[in-house]
> 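Quick one: this structure, given as structure tokens, is what I'll be asking you about.
All ligand and atom numbering here is 1-based and tracks the order in the structure.
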Amino acid sequence: MATSPAAKITKAKGPAATFWDRARQQFHATADLINLDESCREVLGNCRRVVQVSLPIKRDNGVIHTFTGFRAQHSNHRGPYKGGIRYHPDVTREEVMALSMLMTWKCAVVNVPFGGGKGGVICDPHNMSLGELERLTRRYAKELIPIIGPETDIPAPDVNTNAQVMAWIHDTYAMEVGRSALGVVTGKPVSLGGSPGREDATGRGCFYICLKALPLFKMKVAGSKLVVQGFGNVGYPMAKLWQEAGGKVLAVSSDKGGVYNSKGLDVEAAAAHYRQIGNLLAFKGGDQMTNAELLALKCDVLCPAALEGTITAENAGNVKARVIIEAANGPTTPEADLILEANGIFIIPDILANAGGVTVSYFEWVQGLTNFFWKRAEVYSKLQEIMVAAFDDVYDMGRKLKVPMRQGAVALAVSRVADAFKMRGLWP
Ligand code: GLU
């Protein structure tokens, strides 16, 4: 078994219970690694602010139902808080706190001038009408007005939210403050100040990272086999780009299960089915399989693109991929990390792999503030430039500290945030 810093801290403190525990454990392991001073540890090991809101909404049947929402703001040392909003039945306060910490590190890894935030509402958007979703979103936005804004905290899409949800947040904010404020959210529709290329940016960023990383193992995308867990905003564009570049997409899945074809799936046909039905059950282009079977498929690259904590101590030993690219936030538990590391699997960590989304959010924010809009090709080439530079920075940091990419990425991020914290000093 490896004795990386993560291994030491896992042994010392036992397995982390929640996602927030895991995020903090990862931070403290990194703090040990880079000898971070105590004051930085205390500040960066916690969220600066976590807000909980009650959201009474009239359902279509006339009954009022009160939902619960959160917004966690981890750090704004390098710029405004930044991060998505998710709608999911399993959202918790601790989950959004963990995700806001990861956003701080992610923005620092790609060196965009943001801190970290994250929001979520406990709801099942698949069982809500468009009208109910609009009322919920507007009420949530109204509750967040005191703490969001183009220079304070800038939400974006995340699990089960999209450009329409961002348009409602933008409209609610603009109506309430009485002025246009394109910079208050990113991931808006292009017709409303959104950036071309934002929708597929996270998946595209993962793809650019693969183009850069695979040659390290004498591999290339063309002819290589990809397995994708999760087929939403991130998994679908990643699979599509992979296939367009001559790679084979062996399997994709939703929360209900996956579909596998040893000759390679028709990604567009699977996407059309998914858009229509909301899952991949009964898709005829391959054989049905469970998510557990999918994670155990022999492939070149495995791309977990669903929720956190899907690769665990129980299933990590089954993974047969050469490379894992973490499109989701926090898909691998620290215990699973050690198993994968011991089995020689190269992991490209979430805060690097999926940073394409927030990078194009940054481009969108800049375009909104300057009212000058870019062409898609410009967005893609600037995205690729930033992803490649971030990969090099993380890789170099990992080599310098003699640790895997994950610790290298967190070490790079924490050092950048700690520098900003120290330079700013305290007030009052
Ligand atoms: N929700 C995305 C993420 O986890 C994007 C955040 C953003 O664009 O602010 O990175």
Side-chain angles (χ1 to χ4, degrees), residues 19 23 70-76 78-88 91 95-121 144 148-163 165-166 169-170 182-189 193-206 209 230 232-238 304-308 325-331 348-368 379 383 386-387 390 409 413:
F19 191 17
F70 306 96
R71 182 79 184 168
Q73 298 177 328
H74 172 253
S75 150
N76 64 352
R78 289 171 36 92
Y81 304 105
K82 183 85 191 83
I85 288 172
R86 63 175 55 179
Y87 288 175
H88 197 277
V91 163
E95 180 194 39
V96 296
M97 287 166 69
L99 290 165
S100 73
M101 183 186 261
L102 292 187
M103 282 308 303
T104 302
W105 310 147
K106 190 185 303 185
C107 293
V109 161
V110 280
N111 223 349
V112 294
F114 292 133
K118 199 73 161 207
V121 177
L144 294 190
I148 62 170
E151 270 115 33
T152 42
D153 183 355
I154 305 144
D158 197 79
V159 175
N160 294 330
T161 57
N162 55 21
V165 173
M166 296 307 119
I169 297 178
H170 165 261
L182 285 184
V184 68
V185 280
T186 58
K188 299 179 294 296
S195 178
R198 174 61 187 85
E199 215 153 43
D200 66 348
T202 311
R204 181 171 287 273
C206 286
I209 291 280
N233 298 340
V234 185
Y236 162 63
M238 168 69 175
L307 292 173
E308 61 270 14
I325 177 129
E326 293 186 332
N329 289 309
I348 306 173
D350 49 3
I351 57 171
L352 167 66
N354 71 33
V358 77
T359 300
V360 177
S361 275
Y362 167 58
F363 299 160
E364 178 177 333
W365 184 67
V366 169
Q367 292 171 74
V379 169
L383 171 63
I386 288 187
M387 297 307 290

> Please state which protein non-hydrogen atom is closest to atom 7 (C) of ligand 1 and give its distance, to 0.1 Å?
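Going by distance alone, atom 7 (C) of ligand 1 is nearest to Ala156 CB, 3.3 Å.
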
> Roughly how far, to the nearest 0.5 Å, is the CD1 atom of Ile209 from the CD atom of Glu326?
12.5 Å

> In this structure, does ligand 1 have an atom that sits under 4.0 Å from one of the heavy atoms of Pro157?
yes

> Picking from Tyr81, Phe114, Trp105, what satisfies ring pair (Phe, Tyr, Trp, His ring centres under 6.0 Å) with His74?
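Among Tyr81, Phe114, Trp105, the one meeting ring pair (Phe, Tyr, Trp, His ring centres under 6.0 Å) with His74 is Trp105.
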
> Would you check, one step at a time, whether the test side chain to side chain contact (heavy atoms under 4.5 Å, CB included) holds for Ile85 with Arg71?
CA-CA 8 Å; Ile85 288 172; Arg71 182 79 184 168; 3.7 Å; yes

> For atom 5 (C) of ligand 1, what is the closest protein heavy atom, and at what distance to 0.1 Å?
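The answer is Arg198 NH2, 3.5 Å.
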
> Which of the numbered atoms in ligand 1 are under 4.0 angstrom from any heavy atom belonging to Lys106?
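Atoms satisfying the 4.0 Å criterion: 3 (C), 4 (O), 10 (O).
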
> For atom 8 (O) of ligand 1, grab the closest protein heavy atom and report residue, atom and distance to one decimal in Å.
Ser361 OG, 2.5 Å

> Only counting residues at least two apart or in another chain, list the ones meeting side-chain hydrogen bond (donor to acceptor under 3.5 Å, both in side chains) with Gln367.
Ser195

> Give the numbers and elements of all ligand 1 atoms closer than 4.0 Å to a heavy atom of Asp158.
1 (N), 2 (C), 4 (O)

> List every atom of ligand 1 that sits less than 4.0 Å from any heavy atom of Lys118, numbering the atoms from 1 in the order shown and giving each element.
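Numbered from 1, ligand 1 contributes 1 (N), 3 (C), 4 (O).
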
> Please say whether Met103 places an N or O atom under 3.5 Å from an N or O atom belonging to ligand 1.
no

> State the atoms of ligand 1, each with its element, that fall below the 4.0 Å cut-off from a heavy-atom position in Lys82.
7 (C), 8 (O), 9 (O)

> Sequence neighbours excluded and cut-off under 3.5 Å, please list the side-chain donor-acceptor pairs for residues 350-362, or say none.
from: Asp350; atom 1: OD2; to: Gly330; atom 2: N; distance (Å): 2.7
from: Asn354; atom 1: OD1; to: Lys106; atom 2: NZ; distance (Å): 2.9
from: Asn354; atom 1: ND2; to: Ala327; atom 2: O; distance (Å): 3.1
from: Asn354; atom 1: ND2; to: Ala328; atom 2: O; distance (Å): 3.1
from: Asn354; atom 1: ND2; to: Asn329; atom 2: OD1; distance (Å): 2.9
from: Thr359; atom 1: OG1; to: Ala355; atom 2: O; distance (Å): 2.7
from: Ser361; atom 1: OG; to: Thr186; atom 2: OG1; distance (Å): 2.7
from: Ser361; atom 1: OG; to: Arg198; atom 2: NE; distance (Å): 2.9
from: Ser361; atom 1: OG; to: Gly357; atom 2: O; distance (Å): 3.4

> Would you sort out whether Val184 and Ile148 count as a side chain to side chain contact (heavy atoms under 4.5 Å, CB included), showing the intermediate values?
CA-CA 7 Å; Val184 68; Ile148 62 170; 4.1 Å; yes

> Using distance alone, decide if ligand 1 has a nitrogen or oxygen within less than 3.5 Å of any nitrogen or oxygen in Asn329.
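Yes, Asn329 has an N/O under 3.5 Å of an N/O on ligand 1.
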
> Enter the distance from Glu95:CD to Ser100:OG here, rounded to the nearest 0.5 Å.
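Taking CD in Glu95 and OG in Ser100, the distance rounds to 11.0 Å.
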
> Mark up the atoms of ligand 1 that fall under 4.0 Å of a heavy atom belonging to Gly83, in ascending order.
9 (O)

> Determine whether the side chain, the backbone, both or neither of Met166 has a heavy atom under 4.0 Å from any heavy atom of ligand 1.
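Contact part for Met166 vs ligand 1: neither.
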
> Please determine whether a side-chain nitrogen of the Lys or Arg among Arg86 and Glu308 lies less than 4.0 Å from a carboxylate oxygen of the Asp or Glu.
yes

> If the cut-off is 4.0 Å to any non-hydrogen atom of Gly357, which atoms of ligand 1 fall inside it?
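Contacts of ligand 1 toward Gly357, numbered from 1: 8 (O).
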
> Does Cys107 reach the side chain of Val112, with side-chain heavy atoms less than 4.5 Å apart?
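The answer is yes; the side chains approach within 4.5 Å.
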
